[in-house]
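So the structure is just underneath, and the comments pick up after that.
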Amino acid sequence: MAASLLPSNSTQTERIIESVMVEPAAVPNSADAIAGTKLLVPPSSFLPFLIYEYGLGELTPYVPNLYALIKDGIAWQRIRGTLRAVTMGLGWLNLAAAIEEAWTGRRFWNSYQLRFTTLPEKDAPDLERIEAISSLSTPLRSKLRRGVFQYDVGPLIGDRARLDGSLLEFESGIKATAGTLNFPEGANWSFGRTAEFPHTLTEAEGLAIDNWIPPIEGGVLAWIAASFPWKTASALWAATPEEQRKQTLAGWFAGKVLYLVIRDAGNQVIGYRRCRTVRPVSGNVAGSYNLGSSNYSPSPSGNAVYIEAMTQFGDVADREAKSVSLLVNGVLADGVPIGRLWLEPNQVVGGVEIMAKAVSIPLRKTVRDQFKFLLGF
């Protein structure tokens, strides 16, 4: 306690009152600490009041980490109304994307799309959060038109031509949200994902589909007329017997209709997707098909088979694929249109499954999953 300022003739009561009125050292220290608490590491109980103070309440439904929102919210408010604010907002969701604005000469000149560096984890609630944060970050006139990852098919501009207004003028993607207040129709989402599977045909698989010739270690190819008629022969005479064997087995698949089989954790069929490519191929640096780091070109005398299937937007959603395989010699059930590409479990009958592969792929409405197989012999 500091020296008393009372005169020597002060009474005891006056001295007691003076001692009570002296401010303890802890009081100013505590006052200073309160002033800085919200700027350092505020307690969780402070967060609702700080959110209100900074005017960030409209972001709270979409940003789960309120500490991150408090930390960057003031900076976001300063650049709000620009595309930089979108980049900051996506950072709260641990996402990054390049912002591509539409050409100013188009009718939808005020739109933009996001080209993500990684695939957003889920359709819901991630896409709703992306749309909402983008809407709050940009000027009212700006619209998030589309989000893209890997699979991106742009429109064919047919203005003042016979194709004007045709389906070719539409971009790839599908709507998956209820939209936002200033853009109720919502954005299109066009995501892609690829799974690759090299495989060597086993003897059991070959015998099951009636396409097998034992490996040749010497001599000549023993032609099996019943399974491989001469008129289907495509192997080169100059090739070695073993190479002729591979070319013959690969040629058997030419023109075959194969189906991708997708199964769940209980080994139940989720659905079938008709393969869009079944071609004998040979290695080629400039080939049109690629798997891994290698390219392949279609060839009647190819020694391997390239097989590809790709799901369409909306084929299946909210299911997890745990295994995939290829169905050979399967036929459509009665009444199923021959041109249907996605088929339910009861719409394909018969056939033999080969090349079963374990996977863990969450199937989503907005993602086109591409499955590539390279079958060797």
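Below, all heavy atoms of this structure are taken into account, side chains as well, without hydrogens, waters or symmetry copies.
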Does [X] reach the side chain of [Y], with side-chain heavy atoms less than 4.5 Å apart?
X	Y	result
I79	T82	yes
Y67	P42	yes
L69	Y54	no
R78	R80	no
V348	L327	yes
L136	W76	yes
W92	L59	yes
I133	V86	no

For the backbone of [Y] and the side chain of [X], can you confirm whether one donor and one acceptor N or O come within less than 3.5 Å of each other?
X	Y	value
R15	S10	yes
R364	E121	yes
Q77	G55	yes
N290	S294	no
K365	I174	no
E18	L5	yes
N295	V285	yes
K256	W252	yes
E196	G292	yes
D315	Q312	yes

NZ (K357) with more than 12 external heavy atoms under 6.0 Å |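 Check passes, neighbour count above 12.
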
Counting only heavy atoms not in Y52, do more than 12 sit closer than 6.0 Å to its OH atom?
->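 At most 12 heavy atoms, drawn from other residues, nucleotides or ligands, come within 6.0 Å of this atom.
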
Between [X] and [Y], does any side-chain donor sit less than 3.5 Å from a side-chain acceptor?
X	Y	value
S190	E171	no
N110	S142	no
T311	W342	no
E353	S325	yes

side-chain hydrogen bond (donor to acceptor under 3.5 Å, both in side chains) assessment of Q370 paired with T194 = CA-CA 5 Å; Q370 183 182 32; T194 301; 3.2 Å; yes

Can you see which heavy atom on [X] is nearest to which on [Y], and at what distance?
X	Y	result
S360	P362	O-CD, 3.9 Å
P298	Y289	CG-CE1, 3.6 Å
L6	E14	CD1-O, 3.5 Å
W109	R141	CZ3-NH1, 3.8 Å
E344	I270	OE1-O, 4.3 Å
G302	S282	CA-OG, 3.3 Å

Just checking, R279 and Y306: is the charged tip under 6.0 Å from the six-membered ring centre and within 45° of the axis?
->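 Geometry flag: not set, cation outside 6.0 Å or 45°.
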
Cationic tip of R245 above W212 ring, under 6.0 Å, 45° of axis =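 Here R245 passes the 6.0 Å and 45° test against W212.
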
Under a 4.0 Å N-O cut-off, is there an ion pair linking R273 with D369?
->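 No, R273 and D369 are not salt-bridged.
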
Charged N to carboxylate O under 4.0 angstrom, K372 versus E308?
->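 So K372 does not pair with E308 through a salt bridge.
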
Can you tell me how far [atom2] of [Y] sits from [atom1] of [X], rounded to the nearest 0.5 angstrom?
X	Y	atom1	atom2	value
D126	N94	CG	CG	10.0 Å
F371	R193	CZ	CZ	7.5 Å
Y272	N346	OH	CG	9.0 Å
F116	F191	CZ	CZ	5.5 Å
N211	E205	CG	CD	11.0 Å
I354	N329	CD1	CG	9.5 Å

Test side chain to side chain contact (heavy atoms under 4.5 Å, CB included) applied to I307 and V281, L260, L374, L326, the passing residue =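 The residue from V281, L260, L374, L326 that satisfies side chain to side chain contact (heavy atoms under 4.5 Å, CB included) with I307 turns out to be L326.
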
Test L343 against every option in V261, V336, V269 by the side chain to side chain contact (heavy atoms under 4.5 Å, CB included) rule and name the one that passes.
->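 Only one option passes, and that is V336.
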
side-chain hydrogen bond (donor to acceptor under 3.5 Å, both in side chains) evaluation trace for E131 with T177 = CA-CA 9 Å; E131 283 193 5; T177 67; 2.8 Å; yes

Does the pair L144 and I130 meet the rule for a side-chain contact (heavy atoms from CB on, under 4.5 Å), with working shown?
-> CA-CA 9 Å; L144 173 59; I130 293 169; 4.3 Å; yes

Give the C-alpha distance, both sets of side-chain angles, the deciding distance and a yes or no for side-chain hydrogen bond (donor to acceptor under 3.5 Å, both in side chains) between R368 and S172.
-> CA-CA 10 Å; R368 294 198 69 180; S172 62; over 6 Å; no

Linking directly or through intermediates, with side-chain heavy atoms under 4.5 Å: list the remaining ILVMFWY members grouped with V331, chain and number order.
->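 Noted: V331 shares its cluster with V349.
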
Do F149 and L114 belong together in a cluster built from hydrophobic side chains that touch within less than 4.5 Å?
->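 Yes; tracing contacts between hydrophobic side chains, which count when under 4.5 Å, links both residues.
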
L50-Y62 co-clustered via ILVMFWY side chain contacts under 4.5 Å |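 In one cluster: yes.
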
Output, in order, the C-alpha distance, side-chain angles, deciding distance and verdict of side-chain contact (heavy atoms from CB on, under 4.5 Å) for R319 and D264.
-> CA-CA 8 Å; R319 301 284 300 275; D264 61 17; 3.4 Å; yes

Give a yes or no on whether the ring-centroid distance for F373 and F197 is below 6.0 angstrom.
->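 Yes, close enough.
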
Mind running side-chain contact (heavy atoms from CB on, under 4.5 Å) on R263 and K322 for me, showing each step along the way?
-> CA-CA 6 Å; R263 294 182 178 273; K322 300 303 290 186; over 6 Å; no

Pair M88-D72, side-chain contact (heavy atoms from CB on, under 4.5 Å): steps then yes or no = CA-CA 8 Å; M88 178 177 287; D72 301 325; 4.3 Å; yes

